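All values reported here derive from a predicted model rather than from experimental measurement.
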Amino acid sequence: MRSAVQEECVTESMPEFVPEPTPDEAATDLVVVTGVSGGGRSTVARALENVGFYVVDNLPQALMLDMAQLAFEAGGAARRTAMVLDVRSRAFSTDLAGAVRALKDRGFSPRVVFVDADDEVLIRRFESVRRSHPLQGDGRLADGIAAERKLLEEAREQSDVIIDTSHLNVNQLRRRVEELFGGEDARRLRITVLSFGFKYGLPPDADYVMDARFLPNPFWVPELREHTGLEEGVSGYVLGQEGAHDFVGTYAQLIAATAPGFEREGKRYLTVAVGCTGGKHRSVAIAEELTAQLRDIRLSAHSSHRDLGRE
């Protein structure tokens, strides 16, 4: 019979038990949200709550694995958990990739969302609310933004999806999050067909870029100038041009051929950017048609129009 002292010694000498990953844990829906200050993390968090996620804000990175385990053990609604990481937290680490790997080693499949915006937009946002940047210190606002970008560089590179909020209002950002994380099977490859105007710059999160400027521009047709590619007159004009249907069909086939490979490699989000000069006529019509064709072949696709209404 062992004494109390012997029992204590045995207990202390035993290695900590770490359970093996299980298929049930892999089914837990985890989202990790990070990004630049002023980019819209709070709006993303609220939108995730709207589609049924349990959101933990300003979570220390060291507690990510513990939080995931708690979500699994709690079951029910907690199985859909979003963890928001803030660079302002003293517990923030630059090794987000390592933390995500630790989750995967335990059988979880986290999706990392990085919220970003152009420096000029961030400056305007901070100035409008008369707040200093959390990393600004005694320097300029631009210095704080630059320091944070450096700190988050690897996190951005390792993210599954980048949401550029530079040209999105609160409602548009909320809808984007709901499209990505609500309703359909969250583990399928989701395709965003994004129209844009080249004169406003390339979308930074584009995986494919299609250039629709080889088609005649409806801007030079007086009766179409003030209308958009969402309207039948403009859409019919654009898609009726020689080569338009072949252009869309070829890209639809390309995306269909590569989608299974992206899924096998663990990519869950694909952004196909379609550009024209101003993002009002040709790119919008082509984006809508491509989205329809992708849905016809049972791919999860939705359209978004970055620059529509800017002119």
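Residues Val272 and Ile191 meet the side-chain proximity criterion, which asks for heavy atoms closer than 4.5 Å. Looking at Val113 and Phe181, their side chains come closer than 4.5 Å, going by heavy atoms from C-beta outward. Annotation: side chain of Thr277 is in contact with side chain of Arg213 (closest heavy-atom distance under 4.5 Å). For the pair Val112/Gln158, no side-chain contact is recorded, criterion being any heavy-atom separation below 4.5 Å from C-beta on. You'll find the side chain of Tyr54 reaches within 4.5 Å of the side chain of Met67, heavy atoms only. Residues Ile145 and Ile123 form a side-chain contact, since some pair of their non-hydrogen atoms from C-beta on lies under 4.5 Å apart. Between Val33 and Val115 the shortest side-chain heavy-atom distance falls below 4.5 Å. Between Leu224 and His281 the shortest side-chain heavy-atom distance does not fall below 4.5 Å.
With sequence neighbours left out, Phe219 forms a ring-ring contact (aromatic ring centres under 6.0 Å, His included) with no residue at all. In terms of the side-chain contact (heavy atoms from CB on, under 4.5 Å) criterion, residue partners of Ser195 (sequence neighbours excluded) are, by chain and number, Ser283, Val284, Ala287, His305.
Within the 3.5 Å criterion, the main-chain N or O of Glu179 finds a donor-acceptor partner in the side chain of Arg190. Judged purely by atom type and a 3.5 angstrom limit, Glu288 has no side-chain atom pairing as donor or acceptor with the backbone of Ala285. Without hydrogens or angle criteria, Glu127 side chain to Arg124 main chain gives no donor-acceptor distance under 3.5 Å. Although no hydrogens or angles enter the test, the distance criterion places a donor-acceptor pair under 3.5 Å between the side chain of Arg125 and the main chain of Gly38. Side chain of Thr258 to main chain of Ile255: a donor-acceptor pair is present (N/O by atom type, distance under 3.5 Å, no hydrogens or angles). Not one N or O on the side chain of Asn217 forms a donor-acceptor pair closer than 3.5 Å with the backbone of Trp220.
Looking at Lys280 and Asp307, no side-chain N of the basic residue comes within less than 4.0 Å of a carboxylate O on the acidic one, giving no salt bridge. Taking the charged nitrogens against the carboxylate oxygens, Arg176 and Asp164 have no contact shorter than 4.0 Å, which rules out a salt bridge. A salt bridge is defined here as a Lys NZ or Arg NE, NH1 or NH2 lying under 4.0 Å from an Asp or Glu carboxylate O, and Arg149 with Glu153 fails to meet this definition.
Within the structure, ring pair (Phe, Tyr, Trp, His ring centres under 6.0 Å) pairs that include any residue of residues 192-212 comprise Phe196-Phe198 (at least two apart or interchain).
Phe247 and Leu239 fall within the same hydrophobic cluster, where Ile, Leu, Val, Met, Phe, Trp and Tyr residues are linked whenever their side-chain heavy atoms come under 4.5 Å apart, directly or through other members. Both Leu270 and Ile286 are assigned to one and the same hydrophobic cluster, defined by single-linkage of ILVMFWY side chains at heavy-atom distances under 4.5 Å. Phe214 and Leu254 fall within the same hydrophobic cluster, where Ile, Leu, Val, Met, Phe, Trp and Tyr residues are linked whenever their side-chain heavy atoms come under 4.5 Å apart, directly or through other members.
Taking the ring axis of Phe53 as reference, the NZ or CZ atom of Arg80 stays within 45° of it and closer than 6.0 Å to the ring centre.
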